[in-house]
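Here the structure comes first, spelled out in structure tokens, and everything after it is commentary.
Reminder, nothing fancy here: chain letters follow the sequence lines and each chain counts from 1. The basis for the numbers below is simple: all heavy atoms, side chains too, and nothing from hydrogens, waters or symmetry mates.
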There are 2 protein chains.
Amino acid sequence: MSEEKVLIFGHRNPDTDTICSALVYADLKTKLGENVEAVRLGEVGAETQCALDTFGVTAPRMMEHVSDEASKVILVDHNERQQSAEDIDQVQVTEVIDHHRIANFETDSPLYYRAEPVGCTATILNKMYKEHGVEVSKEMAGLMVSAIISDSLLFKSPTCTDEDLAAAKELAPVAGIDLDEYGLEMLKAGANMAEKTPEQLITLDSKEFAMGDVKAVIGQVNVVDAGDVLDRQAAVEEAMQKEVESRGLGLYMLAVTDILNSNSIALAVGDKKEAIEQAFDVRFENGQATLEGVVSRKKQIVPPLQKLLG
Amino acid sequence: MSEEKVLIFGHRNPDTDTICSALVYADLKTKLGENVEAVRLGEVGAETQCALDTFGVTAPRMMEHVSDEASKVILVDHNERQQSAEDIDQVQVTEVIDHHRIANFETDSPLYYRAEPVGCTATILNKMYKEHGVEVSKEMAGLMVSAIISDSLLFKSPTCTDEDLAAAKELAPVAGIDLDEYGLEMLKAGANMAEKTPEQLITLDSKEFAMGDVKAVIGQVNVVDAGDVLDRQAAVEEAMQKEVESRGLGLYMLAVTDILNSNSIALAVGDKKEAIEQAFDVRFENGQATLEGVVSRKKQIVPPLQKLLG
């Protein structure tokens with residue numbers, strides 16, 4: 001048992017899986033007698049706050065420079081250094097629990113690294129409680145099930161595996177919640193876009209991709225009422241146009257994802273806008289194109305665009 | 001279950017852990033209903049052959065271009081691409097089971113990656129049989145215990161953990177062997193250096209390191225009778241001198257490790273030879289320096305030299 005405290009954290013721009021998995025793994029480690037603390041690298045979103053409030057758990061402490069307080073850290077829900085703490089190169093990563101590809105990650109020493117191709121980090125943590133014979137509390141079950149609901153959009157995302165669904169069904173009664181009822185409530189809490197500015201809407205969850213010679217940015221917002229965003233279409237397009245010009249982009253796309261109907265409405269700006277029509281076999285009408293059944297940027301939006309432009 | 005065969009292999013210049021772990025993981029996967037085959041990237045050494053013969057297991061098939069036969073592969077006992085198949089970039093790595101640092105490794109997609117900071121890959125595989133509820137056969141127990149004995153030099157290496165020792169003690173009765181008796185026999189089988197040429201002795205297991213501005217090569221041979229090597233000291237030094245000159249090295253060191261007494265005798269050539277005297281607080285006498293208790297290059301030889309020269 002190490003005496004020095006080890007910090008556990010997920011990625012920047014934390015989502016529900018990142019925050020909950022840091023808290024949950026810290027709980028498991030603490031019960032195993034280790035000296036750890038969950039921290040976070042960014043603001044807690046409304047969806048995550050709903051999960052924390054529901055189960056009466058306090059958010060992890062916010063940190064910027066992890067090396068100020070620790071020489072050893074554990075990463076959850078990410079491994080790529082540009083998604084991690086700014087000073088990640090100044091500490092030793094002793095463990096990683098993750099469900100993403102491995103890239104931009106290197107260590108000097110052997111470590112405990114556990115990645116599984118499932119939809120959510122919490123699904124792996126749920127197994128680890130069993131492997132260590134540690135009982136899952138109501139609170140931790142609640143955080144894990146929240147993370148799974150969030151990452152899988154209530155099991156509708158193509159990233160969701162049978163293991164994720166089975167874990168959620170197992171954890172729901174321990175957490176004392178009805179999956180559909182609580183799941184929708186939590187997702188809705190994070191899907192209120194009425195008070196966001198156009199600039200916030202397009203950058204809340206946006207990633208830049210290099211597709212052939214084209215620099216493309218794809219943003220995504222989850223909504224219950226697409227009108228929250230589409231009623232301000234002109235202002236949103238104007239905000240995207242500014243980004244296209246200042247960053248030299250070929251395409252800025254915003255996917256407005258309806259979490260109830262599992263569709264996305266695409267808005268787009270840039271010379272390569274027609275690539276969306278080709279890639280998804282759709283037409284923009286009044287600047288909007290409906291992508292039926294599309295909810296996952298990683299699995300359903302990036303690959304067809306990458307194939308066309310890359 | 002995938003229909004296409006997945007190849008499982010360890011690193012180039014295969015040692016006992018790499019060969020045995022590929023065979024053992026293929027056994028476990030096959031029993032779980034998966035279509036896999038263990039292969040190898042190099043010649044089987046005498047120590048490994050002793051293990052295979054003892055337990056009546058055939059060596060994996062030798063391969064050079066893995067992409068000729070498979071699009072998906074599983075790596076055991078390594079992850080760095082320069083230690084793997086030449087065409088590793090042309091296949092998808094779907095799993096890694098390893099106990100080394102992570103470096104020079106990147107994937108496009110999520111995968112199953114399991115690394116633990118233990119002394120031997122087989123120690124992790126032994127756990128995986130339990131996790132899947134699959135019984136370990138006598139043959140597979142024999143291969144796993146051989147791998148642990150090899151990587152830990154019969155539990156004397158500082159890389160050996162409590163988990164490795166516990167796994168070996170658990171597997172020995174299943175394999176039907178006495179740990180000390182069989183262990184020594186197997187290690188001795190790989191420790192006969194009498195028939196190796198000086199060039200073979202210095203390159204059998206050698207690695208190049210960048211230490212500050214100095215390029216250093218450190219070779220290691222395990223012996224029962226150090227005379228196999230030291231009786232030909234002048235010829236060995238001449239072979240090292242040739243390497244120093246042709247590769248511009250500051251140091252070529254050969255550690256002749258006595259597996260019975262857990263000491264190493266160092267031979268060395270190059271401008272930076274005296275670094276060994278400083279790093280280990282020893283003197284060369286007739287060109288030989290005794291490093292008491294030193295058996296692990298990774299843990300006991302590289303770090304003090306790196307600290308001094310780096």
Atom [atom1] in [X], atom [atom2] in [Y]: separation rounded to 0.5 Å?
X	Y	atom1	atom2	result
Arg114(B)	Tyr112(A)	CZ	OH	5.5 Å
Ser109(B)	His100(A)	OG	NE2	12.0 Å
Lys127(A)	Glu131(B)	NZ	CD	8.5 Å
Ile102(A)	Asp108(B)	CD1	CG	12.0 Å

Has [X] got more than 12 heavy atoms of other residues, nucleotides or ligands less than 6.0 Å from its [atom1]?
X	atom1	answer
Lys207(A)	NZ	no
Lys169(B)	NZ	no
Asn13(A)	CG	no

(message) If you define the side chain from C-beta out and look only at heavy atoms, does anything of Arg101(A) sit under 4.5 Å from Glu106(B)?
(response) yes
(message) For Thr107(A), which atoms come within 4.5 Å of any heavy atom of chain B: side chain, backbone, both, or neither?
(response) both
